[in-house]
Novice: 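Before we start, here is the structure in question, set down as structure tokens.
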Amino acid sequence: MRSLKYLFTCLSLIAAGCAAPIKDPHSYARPEAIRVEHLTLDLNVDFTKKQLTGTATLRLRREQPGATTLTLDTQDLTITRITLRPGGAVAAWKLQATDPLLGQALEVTLAADTTEVAIDYATSPGARALQWLEPAMTAGKVHPFLLSQSESILARTWVPLQDSPSVRFTYDATLHVPQELLALMSAENPQKKSPDGVYHFHMPQPVPSYLMAIAVGDLAFRGFDGRSGVYAEPVTLPAAAHEFEDTPRMIAAAEKLYGPYRWGRYDLLVLPPSFPYGGMENPRLTFVTPTILAGDKSLADLIAHELAHSWSGNLVTNATWNDFWLNEGFTNYFQQRITEELYGHARSEMFWLLDKNKAKELMATLPAADQALYLELAGRDPDDAPENVYWKGSLFLRLLEETAGRERWDWFLREYFDANAFKSMTTAHFVEILKAKLPDVAANAGIEAWLHGPGFPTNCPVPRSTAFASVEAEAKRFAGGSPATTIAIGPWSTQERLHFIRSMPSLGQERMAALEDAFHFSASGNSEILAAWLFKSIQEDYRPAYPALERFLTAQGRRKFLKQLYTEMAKTPANLDLARRIYAQARPTYHPVSQSAIDEILKAK
Ligand code: BES
Ligand code: ZN
């Protein structure tokens, strides 16, 4: 029976001219049988119990006529009741065995005429997507805060759904929150608090589950122009509005390159410092870390990145996490193009070089299979996918640009986003499109080596920055003994300062102290510069910087910074002890995503 059904599916797919159904190794869902097309959420947000409770109603489309089992992804959810619509009969359902990575498949038996299922459920206080912050962990210190991070496979810890990037659905939501707080989602958002704590959301564009997002806190809004603005805690709002005021120009630059912004508004939400990422491209509402509030807009390129995801990722979506480079490599490339447009070629070229250096360093530590753009992540947490795909992926696209010529390449990308809007994309399909539209480029760029081979193929683009060349010369001169006061660091950009610290050879205590005395890096208000200096200090075992290191590790929870610093500390027994002591105190303040990363680094061997 089963194989007959399978044959039927294959035949109908062939008839429809489609490829085989996408197999997502990180989801139990079977969208090829029954697909979720709309979600209606009604949730109560309980800060005391650290729990969301309510109902998720899923509207379904049968892909296989006669299919009666709906399979969903869940993790740590308590399901209390499932009813079928029309009719309202109570459904038979079953939670399958728990897998520590994937959670539990929820199987619901449908009636022949079922078009919707309503699932009553509650989240667990430890739900991995969610972080419930005590007031002390916010900027205002008075109200609690709830934030989510669903990418990659954590949406299933707060909503029962088909948690695969290959399934898109529209959604509506009603949230009940404490009266004094504002609720936001990756949807059409309110700009003011409601008097009764009830909020209604509508998301008319279909999105994959990893773009579901929620935040609840004491938040205020300020607009930049008619279609973009920023939400933040009231005390942070003025700084945030200033830091990100180039956002409308970024949107204009992005649209000029790759076509209209299709999501209505584009707003930013500045989160408390425990937010585990630099930024997250939740549609209509990019989530950002406050650690990029440098005061001088020097880290605002991150906004260009998250904005670029409104095309690469949110519009054309990696079909599985194995194709993650299609999201992040494309976005990194697009980010550089926006940077070039707004701030000029010299600045974007510095980013290209910084990225290439990071990729080189990282690849030296990765097994060959993890150096490819296409990854095999089955059985692994996609959140741990090597970041290499960002940098190697964007360099690959730069190579395609150089091979095609910028004009043709931009034409290709614009077409690509138009033709595949609101669809998922596999690596193989991308190659087919490239071969069809730019056959000469596809034939000459050595695609296979980039997608499936290790390292940098020999045709890797070579970014050049004269500014960086002189920074390197200065670093060398300083390491050779010339006084810090002779280094004219004053006019240097953040990127030049970062490159100066990172390209500095081993120095020893006296020269580290000379640098610190001259430039006070330990007191830098720029988190990237501070993190680079602290990293260097651990490498040099330069202890005068350790109080600043401890402060930084307890004041923010951005996974990237934590991973770098704790990993470096874990290399000597004394620093490992210190790291464990700091972590014991800081762990409860980190988001679950950061906690698992650091647990792994500091675990007793
Ligand atoms: N989508 C990512 C964040 C992400 C990746 C979350 C994988 C979960 C799994 C986001 O767009 C991103 O790349 N953020 C970067 C910033 C960027 C400028 C490189 C970050 O958070 O550091
Ligand atoms: Zn990204």
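Predicted, not measured: the structure shown is a model, and the values here were computed from it.
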Novice: Give a yes or no on whether Arg406 atom CZ has more than 12 heavy-atom contacts from other residues, nucleotides or ligands under 6.0 Å away.
Specialist: yes
Novice: Without swapping roles, check the side chain of Ser150 against the backbone of Met212 for a donor-acceptor pair under 3.5 Å.
Specialist: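 Answer holds: yes.
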Novice: Which pair of heavy atoms, one from Ser298 and one from Glu243, lies closest together, and at what distance?
Specialist: N-OE2, 4.1 Å
Novice: Kindly indicate whether the side chain of Leu175, heavy atoms from C-beta on, has any atom under 4.5 Å from the side chain of His200.
Specialist: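 Heavy-atom side-chain distance check fails, nothing below 4.5 Å.
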Novice: Do the rings of Tyr261 and Tyr266 sit parallel, tilted or perpendicular, given the 30° and 60° boundaries?
Specialist: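 Tyr261 and Tyr266: perpendicular rings.
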Novice: Can you tell whether the side chains of Glu528 and Arg558 come within less than 4.0 Å, N to carboxylate O?
Specialist: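 Arg558 and Glu528: salt-bridged.
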Novice: Validate the cation-pi geometry between Lys435 and Phe430: distance from NZ or CZ to the six-membered ring centre under 6.0 Å, angle to the ring axis within 45°.
Specialist: no
Novice: When you check the gap from the basic side-chain N to the acidic O, do Glu415 and Lys437 get nearer than 4.0 Å?
Specialist: yes
Novice: Yes or no on side chain to side chain donor-acceptor pair (under 3.5 Å) for Asp246 and Tyr343, after CA distance, side-chain angles and deciding distance?
Specialist: CA-CA 11 Å; Asp246 286 346; Tyr343 307 112; 2.7 Å; yes
Novice: Going by ring-ring contact (aromatic ring centres under 6.0 Å, His included), Phe561 matches just one of Tyr590, Tyr277, Phe552. Which one?
Specialist: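 Only one option passes, and that is Phe552.
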Novice: Checking Arg337 against Phe334: charged group under 6.0 Å from the ring centre and within 45 degrees of the axis?
Specialist: no
Novice: Would you check if the side chain of Gln371 reaches a backbone N or O of Gly455 as a donor-acceptor pair within less than 3.5 Å?
Specialist: yes
Novice: So that I can tick it off, tell me whether Arg559 and Asp384 are bridged by a salt bridge, with the cut-off set at under 4.0 angstrom between side-chain N and carboxylate O.
Specialist: yes
Novice: Cationic tip of Arg497 within the cone over Phe500's six-membered ring, i.e. under 6.0 Å and within 45° of the normal?
Specialist: no
Novice: Indicate the atoms forming the closest heavy-atom contact of Ala213 with Tyr171, along with that distance.
Specialist: O-OH, 4.4 Å
Novice: Under a 4.0 Å threshold between the charged nitrogen and the carboxylate oxygen, would Arg249 count as salt-bridged to Glu255?
Specialist: no
Novice: Any carboxylate oxygen within less than 4.0 angstrom of a Lys/Arg side-chain nitrogen, looking at Lys256 and Glu341?
Specialist: yes
Novice: Would you call Glu349-Arg398 a salt bridge at under 4.0 Å N-O?
Specialist: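 Judged by the 4.0 Å cut-off on N to carboxylate O distance, Glu349 and Arg398 do form a salt bridge.
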Novice: Testing Asp163, Asn318, Asp383 one by one against Ser152 for a side-chain hydrogen bond (donor to acceptor under 3.5 Å, both in side chains), which residue passes?
Specialist: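 Considering Asp163, Asn318, Asp383, a side-chain hydrogen bond (donor to acceptor under 3.5 Å, both in side chains) with Ser152 is found only for Asp383.
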Novice: Run the ring-centre check on Phe468 versus Trp492 and record whether the distance is less than 6.0 Å.
Specialist: no
Novice: Heavy-atom distance under 4.5 Å between the side chains of Thr247 and Leu268, does that happen here?
Specialist: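 Yes, close enough: below the 4.5 Å cut-off.
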Novice: State whether the side chain of Glu516 and the backbone N or O of Ser522 hold a donor-acceptor pair below 3.5 Å, judged by distance alone.
Specialist: yes
Novice: Keeping His591 on the side-chain end and Ala129 on the backbone end, is there a donor-acceptor pair under 3.5 Å?
Specialist: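 Between the backbone of Ala129 and the side chain of His591 there is a qualifying donor-acceptor contact (under 3.5 Å).
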Novice: May I ask you to say whether Lys297 pairs ionically with Glu245, meaning some side-chain N is under 4.0 Å from a carboxylate O?
Specialist: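 Yes, Lys297 and Glu245 are salt-bridged.
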Novice: Would you say the side-chain atoms of Tyr199 pair up with the backbone N or O of Ser194, donor to acceptor, closer than 3.5 Å?
Specialist: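 Yes, the answer is positive, given that a donor and an acceptor are paired below the 3.5 Å cut-off.
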Novice: Is a side-chain donor or acceptor of Lys392 paired with a backbone partner of Met363 at a separation under 3.5 angstrom?
Specialist: no
Novice: Please step through side chain to side chain donor-acceptor pair (under 3.5 Å) for the pair Asn332 and Asp355, ending with a clear verdict.
Specialist: CA-CA 10 Å; Asn332 208 44; Asp355 281 1; 2.9 Å; yes
Novice: Taking the six-membered ring for Trp and the single ring otherwise, decide whether the centroids of Tyr333 and Trp325 are under 6.0 Å apart.
Specialist: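 No, ring centres 6.0 Å or more apart.
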Novice: With ring pair (Phe, Tyr, Trp, His ring centres under 6.0 Å) as the criterion, how do Trp411 and Tyr416 come out once you've worked through the C-alpha distance, each side chain's angles and the decisive distance to 0.1 Å?
Specialist: CA-CA 9 Å; Trp411 162 82; Tyr416 171 82; over 10 Å; no
Novice: Check whether Lys193 reaches the backbone of Leu181 with its side chain - one donor and one acceptor, N or O, closer than 3.5 Å.
Specialist: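 Looks like no, no N/O pair under 3.5 Å.
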Novice: Is the shortest heavy-atom distance from the side chain of Gln205 to the side chain of Phe422 under 4.5 Å?
Specialist: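 A side-chain contact exists here, since the closest heavy-atom pair is under 4.5 Å.
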Novice: Per the ring-ring contact (aromatic ring centres under 6.0 Å, His included) rule, which among Trp450, Phe456, Tyr390 passes with Phe396?
Specialist: Trp450
Novice: Pairing donors with acceptors under 3.5 angstrom, does anything connect the side chains of Asp172 and His202?
Specialist: yes
